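Here's the structure, in structure tokens; my notes come after.
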Amino acid sequence: VIPRLLDAARARVQMADAVAKTDETLSVRLRDGEVAAAHATEQAGHSLRVVADGRIGVAGTTGVDPDVLLEAAISSAAAGEAAPLLLPSPSPLPRVHTHAPRAGSVTTVELIQLGRLLTDRLRRGDRSVTVHLGRSVGSVQVGNTRGVDTGYQVTLVTLDIDVVSQPGDGSVQVVTQLAGADLPDQAAIEMLLADLEQRLAWATTSAAAPATSAPVLLLPEAVRTFLEPVQQALVGKAHLLGTSPLAETLGEQVLHPSLTLTDDPLQDGRAGSRPVDDDGVPSFRSTLIEAGVIRRCIYDLETGALAGRPSTGHGRRATFGKAQPAFSNLVLHAGEPDLAALIAAMGDGLLVDAVAGGTGGSSRSGTFTHPVVLGYRVQGGEVTGRVEGVVVAGNVFDVLGSIAGIGRDARWIGSSFLPPLLLEGVTVAPR
Amino acid sequence: VLERLLDAIQSSRADYADIRLERSFITSVAWRGRRLEGASTGTDVGGTVRCLNAGHGWGVASFNRLDDLEARLARAHELSLVVRPAHPVELARAPVREGHVRPALGDDPRDIPLLEKRRYLEHLNAEMLRFDRRIVDTQAAYRDEVTECWFVNSDGTALHELRPDVTLSALAVARDGGVLERAVESLGARGGWTRVRDQDELFRTAARRAVSLLDAAPVRSGSYPVVLDPRLAGVVAHETVGHLCEADTQLEDSVAAELASPGRHLGGELLTIGDDGSVVGLRGTLPFDDEGTPPSNTLLVQHGVVVGRLHSRETAARFGERPTGNARALSFRHVPLVRLTNTYIANGNGTFADLIRDVKLGVYACDAVGSRHHGDSYSFTAGHGYMIRDGALAEPVKGVVLVGFVTEMLGAVDRVAGDFRWHESGGGCGKGGQSPLPVAEGAPHIRLRSAEIRGQAP
């Protein structure tokens, strides 16, 4: 479809590019080992961007007749804005593993078997176990009027486990997840289960909250929430608009020297892996923060054109609307100490498993107030029980300036690879 | 189309099956600062098939290509047979319905050129930019979506409906030295282009508020008598009682089941809260929900006591109650969940002046820009606010966050004014990954005897 669309576009507009995405997903949810729901989804969408009379227009459709797209995109261009868009020319793509044939052919029965196996390992008298499994197989095709005509196949297997236990003095919910191009291997499953059991064990008894100024150790899931304002500040669009708190700090050391963050689309088999972005720009690894120094923001073609900067290969296009800059896989570099050493090092403090995100502060300024959904007290270098009814508050850019430790036990959460982070300067307060 | 769907559904071997198809025409225009973010159009086409068999649960197939509905039905039927929930799904009985609903859209957004929409938004955005030199960033956004929906089920129900939705939103950011403040306003309507015309004042209001917040002092944390404006009161009703009374939420969440069990006190004597998807012309109103049930006015809390729940056909059967017409899906990509429509606090007596007359020191909290909850504790971030001093409105304050436990917050309601009004924002409700679903909220001013305000100032 894309070559035909682009041929038609060549006759009418100065330049054009198009993306076609397909996806076929199968998902099941098991509640205490019984299948509670099963859902099959097939999706296909086309998005066309044109430059006509120097103006950009876009249109999208999920319908079977993408030819209507050209007229719609031209009318969008008539109402659109001028931008010095320069489409990429064809070039070889890097190799990256995004597709596992056996994951694409997993059946409903196999998903259910895996779900039952996980449930059986986790079930006890006082626990309720919900397992959500999904597998997708899809394709991305990208083309433009300069001759780019490329694409790749993707598979994605996702696993979400939610365990609710009733340890006698309340109810505790512990969650975990896994996502990747292939089915998780036995070692990955064993690690996931061991980690989940450890956290369930920590949550069994309750403990008092630590002092307001106690150190705070974040587990990977909580690190993800804390990183959100940093991510937003590194999107080129925020720099273009002057809304990024890091806009004036490129090349400067503003965060702790132990902090290095890369965006890596070339990691094999991860949820954000891809050889080319949706603008047709070949993917490459970008260092965003190097030893606390802000090195780079991410741009798609259009934002880059407006900012007078090259694309960093971060264009993402949905079926509807224009391309936006978006991260691929985010990798926060791990440190030396294992989790036990970090817990021992903090002495007395709060180990944070999960926080509520949302509107607890201003992402722009970096201030936050996160209710701790699941946290544990650390006393004498050991975990002594779960803590309820506290919030953690502070400013992300301040607390990431004074990191007391980064752990070695990093985990993939969705498309982010995150180690535990030991922080000082976070306020622990009653909710 | 309906005949084709009814033919297809005859082929299903499932005990129950339904098909929902949609075709949407979407346009959106967004300005950011002095730049056009984009003006784009799209067509979204697809459907979902659900099948149910006795002793099993839902098998679901969704798709974009409409050409082989029989195969989709067969797939959903197969999936239903592998689903074996602890409580097999049953459906409350529902009469067979037929209907064609086509609201008169003399000003159909599909007939308005994209260029005209772009020019109008440019004008609204400029209203904010030129309002004050301290306005440093703006967003002005417009979106319309006109959806043609078809629904049939194996009982013989066949419905065809046109659902229009138009939204406008304004964001203004003001800066003075190192102080940065933002204000938002929005509007949503189940109607055509005229519903969003002549909205200059909405955009000026956002700009005016952002500028006025620059000089407002942060509110001091503490316990105060708090008066909520109708917008914030409506959002509180939606987020607390509304969500707690969704039957599917109660089945999943023991906290909700306990807090909103019938007969339980959830609010003061003056508090009556309901959900009414049948009010003519509101954003949460529908002729039929996404299972073909007409929405109704469902009382949830009456004089402070829980009296009702919101249902789909599935949850109604589970609770032995009647479907309320609250099974709604965001689009053809999703299955219907129990969702709110137009949630309200019933009108009381007296005026705003009556509510603040005997307040010596209190807070007037207006609009909601954020809310969240964990278990039975809630927080609501007001868009702006004022101190109340000696029975009169005093200086503006910012950073007003209302925090507390739901039973305390609602139990503290000691006055409900007689100035009820509906509010249709351009946002929407989120649940189970389906957001934003068009809803409306309505309330009069209400007063909390005492509530906890968490501000930035200690």
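Keep in mind that this is a model prediction, so the values were computed, not measured. Numbers restart at 1 for each chain; the letters A, B, ... are given by sequence-line order, proteins then strands.
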Check: How close do B/Pro85 and A/Ala36 get, heavy atom to heavy atom, and via which atoms?
Finding: CB-CA, 4.3 Å

Checklist line | Residue-level contacts of residues 109-116 of chain A with chain B, using a heavy-atom cutoff under 4.5 Å | finding: A/Ile112

Next item on the list: Search all heavy atoms of A/Ala78 against all heavy atoms of B/Leu115 and return the closest pair with its distance.
Entry: O-CD1, 3.4 Å

Margin query: Is there a side-chain contact between A/Thr319 and B/Asp44 in this structure, where contact means two heavy atoms from C-beta onward sitting under 4.5 Å apart?
Written below: no

Checklist line | chain B contact via A/Leu30 - side chain, backbone, both or neither, heavy atoms under 4.5 Å | finding: neither

Checklist line | Side chain / backbone / both / neither for A/Arg55 at chain B, heavy atoms under 4.5 Å | finding: side chain

Checklist line | Residues which pass salt bridge (charged side-chain N to carboxylate O under 4.0 Å, His left out) with A/Arg29, listed by chain and number, not counting sequence neighbours | finding: none

Item checked: Heavy-atom closest contact (B/Arg75 atom, A/Ala40 atom, distance) -> NE-CB, 4.0 Å

Notebook entry, point to check: Where the side chain of B/Thr43 meets the backbone of A/Thr61, is there a donor-acceptor pair that is under 3.5 Å apart?
Noted result: no

Next item on the list: Tell me, for B/Arg72 versus chain A, whether the close heavy atoms (under 4.5 Å) come from the side chain, the backbone, both or neither.
Entry: side chain

Check: Of the backbone (N, CA, C, O) and the side chain (C-beta and beyond), which part of B/Ser377 lies under 4.5 Å from a heavy atom of chain A, both, or neither?
Finding: side chain

Item checked: Atom pair NE2/CZ of A/His370 and B/Arg372 - distance to nearest 0.5 Å -> 7.0 Å

Next item on the list: Locate the shortest heavy-atom distance separating A/Glu34 from B/Ala86; write the atom from each residue and the value.
Entry: CB-N, 4.4 Å

Margin query: Among A/His39, A/Gln43, A/Glu42, which residue satisfies the side-chain hydrogen bond (donor to acceptor under 3.5 Å, both in side chains) criterion with B/Ser62?
Written below: A/His39

Item checked: CG/A/Asp53: more than 12 non-hydrogen atoms of other groups inside 6.0 Å -> no

Item checked: Top contributor to chain A contacts, counting heavy-atom pairs under 4.5 Å, from B/Val49, B/Val335, B/Val83 -> B/Val83

Next item on the list: Select, from A/Ala44, A/Ser75, A/Ser47, the one with the greatest count of heavy-atom pairs under 4.5 Å involving chain B.
Entry: A/Ala44

Next item on the list: Kindly compute the distance separating CG (B/Leu81) from OG1 (A/Thr108), expressed to the nearest 0.5 Å.
Entry: 11.5 Å

Notebook entry, point to check: Does any heavy atom of chain B fall under 4.5 Å from the side chain of A/Leu48, the backbone, both, or neither of them?
Noted result: neither

Note to self: Using side chain to side chain contact (heavy atoms under 4.5 Å, CB included), reason through A/Arg31 and B/His87 one step at a time and then give a plain yes or no.
What the structure shows: CA-CA 11 Å; A/Arg31 182 102 188 231; B/His87 296 271; over 6 Å; no

Item checked: Under 4.5 Å from a heavy atom of chain A, the part of B/Glu116 involved -> neither

Next item on the list: Apply side chain to side chain contact (heavy atoms under 4.5 Å, CB included) to the pair A/Thr130 and B/Glu252, showing each step before the final yes or no.
Entry: CA-CA 11 Å; A/Thr130 304; B/Glu252 293 289 320; over 6 Å; no

Next item on the list: Supply the atom-to-atom distance A/Asp23 CG to B/Asn64 CG, rounded to the nearest 0.5 angstrom.
Entry: 10.0 Å

Item checked: Flag if over 12 foreign heavy atoms under 6.0 Å of CZ, B/Arg110 -> yes

Check: Looking at B/Val82 and A/Val35, what are the two nearest heavy atoms and their distance?
Finding: O-CB, 3.4 Å

Check: Does some side-chain heavy atom of B/Arg118 sit less than 4.5 Å from a side-chain heavy atom of A/Glu81?
Finding: yes

Checklist line | chain B contact via A/Leu26 - which portion, at a heavy-atom distance below 4.5 Å | finding: side chain

Check: If you take all heavy atoms of A/Val58 and B/Ser40, which pair is closest and at what distance?
Finding: CG2-CB, 3.3 Å

Item checked: Contacting region of B/Arg84 [heavy-atom separation from chain A under 4.5 Å] -> both

Next item on the list: Using a cut-off of under 4.5 Å on heavy-atom pairs, state which of A/Ser128, A/Ala73, A/Gly80, A/Gly321 scores highest against chain B.
Entry: A/Gly80

Notebook entry, point to check: Hey, what do you get for OG1 (A/Thr369) to CZ (B/Arg454), rounding to the nearest 0.5 Å?
Noted result: 5.5 Å

Notebook entry, point to check: Among B/Val403, B/Val45, B/Val60, B/Leu36, who wins on heavy-atom pairs under 4.5 Å with chain A?
Noted result: B/Val60

